[in-house]
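Each remark here refers to the structure printed beneath this line.
Labels below follow one simple rule: chain letters A, B, ... track the order of the sequence lines, proteins then strands, and each chain is numbered from 1.
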Amino acid sequence: MTNLEIAELLRKVAAAYLILNENRFKIIAYERAADSVEHLTSEVKDLWNDGKLKEIPGVGETLQKHLDELFRTGHVRHFEEVLGKLPASIYPLLLVPGIGPKKAYKLVSELKLNKAQTVIEDLEKAAVGHKIAPMEGFGEKSEADILANIETYKKGAIKENRMVLSEADQVALDVINFVKAGGGVKHIDTLGSLRRQVSTIGDIDISVATTEPETVIERFITYPHQKLIEKGPTGASLLLHNGKQVDLRVQKPEAYGAMLQYFTGSKNHNIKLRSLALNQGKSLNEYGIKNTKTNKLSEYPTEKAFYEAIKLPWIPPELREDRGEIEAAIHGKLPHLVELPDIRGDLHIHSSYDLESSHDVGAQSADLYLSEAARLGYDYVGFSDHNPSVGNHTEEQIVEIMKRRKDDYEHKYYSWVQKVLKTRTPLRKASAGLPQMFLMCEVDILPDGKLALPDSAFDYVDAVVVSVHSSFNQSREVMTRRVVTALTSHEKVRIFGHPTTRLLGKREGVEYDWDLIFEACKKQNIALEINAHPSRLDLPDNIVYDAKKQNLRFSIDTDAHAVDQMILMKYGVSVARRGWATKHDIVNSQEYNDFKDWLVKGAKP
DNA sequence: GCCGTTTTCGGCCCGACTGTTTTCAGTCG
């Protein structure tokens, strides 16, 4: 059973308990355990195998017993007993927006919707036949809402509705400019998961500091949309034509700090923060901090002041996932996270130089990438074109191609340097020299773990990135062995590229026994890549977090296939930050000489 | 059902919005 399936099961039990009027804290406990399981890095089943179930936050003695029974026997008698008290057709309805456990139960029992497979269609028919409006607690409006929400559900179920970060940035920027143009805006920010830089974004959250809330909200709801979801004095929500939801909230400038904090989340971070505050006699909300004795509300214009009022330092948004950041803040142990200006070079770049590979070449020639690297103030850059295809060449031909490539690149580099120095192209960093070049290669890890570059061809590169580009469906064991073999097969293997090979919204990442991968990387002083391309963001942040705990190092690279993709570095930095990485955890935040010692001589980073 | 910098017992985040209600329940984030 996968983590997602287990989380779903726990949520079903929580929903059943809610309908059965169980103790509400028990319900919360099940929901919390479900959240926790869903966000876990490791498979619950593996933890069970290792006797580590109790390490899952929110899973106590009782749930451990239940999960143990689940893995031993395939089912949990207690869960089946609880779920069996209610018709199975209520659970699919919970996926429809606006329908929670209570409504689902009422609809199912009063309309006798007993077929779980067709319950949504059956409900739709009931609504069309005006069977819902006469029911107690429902009306004309809720009947129409149910129809509309079933539509939304169907659309969402068909196409993946989450955005990658760069796409969310675009949408947010457009809305922000539109709202700003309406006037009355003192500050405007994107909050929620976008501010926390989660790898995929569901809704866009925007907040505005203003003394004219009505003007701002009225302006916002004229942004082109297909549906006004809700509107009140504190904000509004729109469903855009592209199917994305945008929520806007307003707050007066004096109390804006509380709004920023509240709306940034995450939910679990806020819950923990509020319970911490309660212990100090303070109650947190989006307006400020209430003294629980006097009921007096204090306001804070900035987020920093808000955190300080509950005796905490300001916590970077990327950390706000309840992964230990509040405890770290209490003890003054928040990490000093890596920042974009710390990055000194990009090691995974594809130019248009044709290596007769079976993969894509880049869009422009090397000198244009070099100029962009100079503009970005980088100290070095590595060209990691794909290796020549193995199927179409003999070993001798591959060596010949690599040899010729080295000569060509070196020639290109020196003529670029000469050209730049002669024309005195203005560089961002006037004092620094031009970026140095490393000649690298992105080498396929073949299905059997061999590298797709013959040993004798390694003489013509400084170092290589190794990556999986085929046979993604191998088992976890085979895949782990494959990669470990590759990582330990040549001393010039320095970076493990886009390790999980995931493509957000398109392809799931492959699975490894990460402990073995980490061990191999450590042994060889290899860096795990954090691929910054918004559709990859690979390593995923939760694995960065685990790897960082085991003292692994990372290389943040763009995998640019065009010059204009080199600015995507910021998304990779976000992933590193979400994984708690500092400047010292990132190999390419080192200055040139130290970096070269690691890359070329294999020194400890 | 979980959990611990007041606690192994006694707490458990907080408010907005909506529809159907004459005061609240359900859902959501």
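Within the nucleic acid shown, D145(A) comes within 4.0 Å of sugar-phosphate atoms alone, with no base atom in reach, counting heavy atoms only. Base contact: N279(A) has a heavy atom under 4.0 Å from a base atom. Residue contacts for F263(A): at a heavy-atom cut-off of 4.0 Å it reaches no nucleic acid atom on any strand shown. If you check every strand for non-hydrogen atoms under 4.0 Å, K54(A) touches nothing. When heavy atoms are screened at a 4.0 angstrom cut-off, I28(A) is found touching no nucleic acid atom at all. If you check every strand for non-hydrogen atoms under 4.0 Å, L278(A) touches sugar and phosphate atoms only. Residue K272(A) is out of contact with every strand shown, counting any heavy-atom pair closer than 4.0 Å. No contact: L273(A) has no heavy atom under 4.0 Å from any strand. Within the nucleic acid shown, E22(A) has no heavy atom closer than 4.0 Å to any nucleic acid atom. Note on H331(A): a base of the nucleic acid sits closer than 4.0 angstrom, heavy atoms only.
Comparing dG11(B) with dT7(B), their C1' atoms sit 9 Å apart, to the nearest whole Å. A distance of about 16 Å separates the C1' atoms of dC13(B) and dC3(B), rounded to the whole Å. For the P atom pair drawn from dT20(B) and dG26(B), the interatomic distance equals 14 Å after rounding to whole Å.
In this structure, H130(A) NE2 and E143(A) CD are separated by 6.0 Å, a value rounded to the nearest 0.5 Å.
The side chain of E230(A) has dC17(B) as its nearest neighbour among dC13(B), dC17(B), dG1(B). For R274(A), the listed nucleotide lying nearest its side chain is dC14(B); candidates were dG15(B), dT20(B), dC14(B). Distance from the side chain of E286(A) is smallest for dA16(B) among the nucleotides dG19(B), dT7(B), dA16(B). Across dA16(B), dC3(B), dG1(B), the shortest atom-to-atom separation from the side chain of T234(A) is found for dA16(B). Of the listed nucleotides (dT20(B), dC13(B), dC12(B)), dC12(B) has the atom at the smallest distance from the side chain of F25(A).
For K141(A) and dG19(B), the shortest distance from a side-chain N or O to OP1 or OP2 is below 4.0 Å. Distances shorter than 4.0 Å separate some side-chain N or O of S283(A) from OP1 or OP2 on dC14(B). At dG15(B), one or more side-chain N or O atoms of N285(A) fall inside 4.0 Å of OP1 or OP2 (strictly under the cut-off).
Partner of R320(A) under the side chain to side chain contact (heavy atoms under 4.5 Å, CB included) criterion, out of I315(A), I326(A), N268(A), L273(A): I315(A) alone. Just one of K272(A), K267(A), H269(A) meets the side chain to side chain donor-acceptor pair (under 3.5 Å) condition when paired with D322(A); it is K272(A).
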What's touching nucleotides 23-26 of chain B from the protein side, N or O pairs under 3.5 Å?
none

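Across all strands shown, dA16(B) is found opposite dT27(B) as a Watson-Crick or G-U wobble partner, with both distances under 3.5 Å.
The environment of CD in E61(A) is sparse: at most 12 heavy-atom neighbours from other residues, nucleotides or ligands sit within 6.0 Å.
Projected onto DNA chain B by closest heavy-atom contact, N23(A) and P233(A) fall at different nucleotides, the more 5' of which corresponds to N23(A).
Comment: E212(A) does not engage R219(A) in a salt bridge, judged by the lack of any side-chain N to carboxylate O separation of less than 4.0 angstrom.
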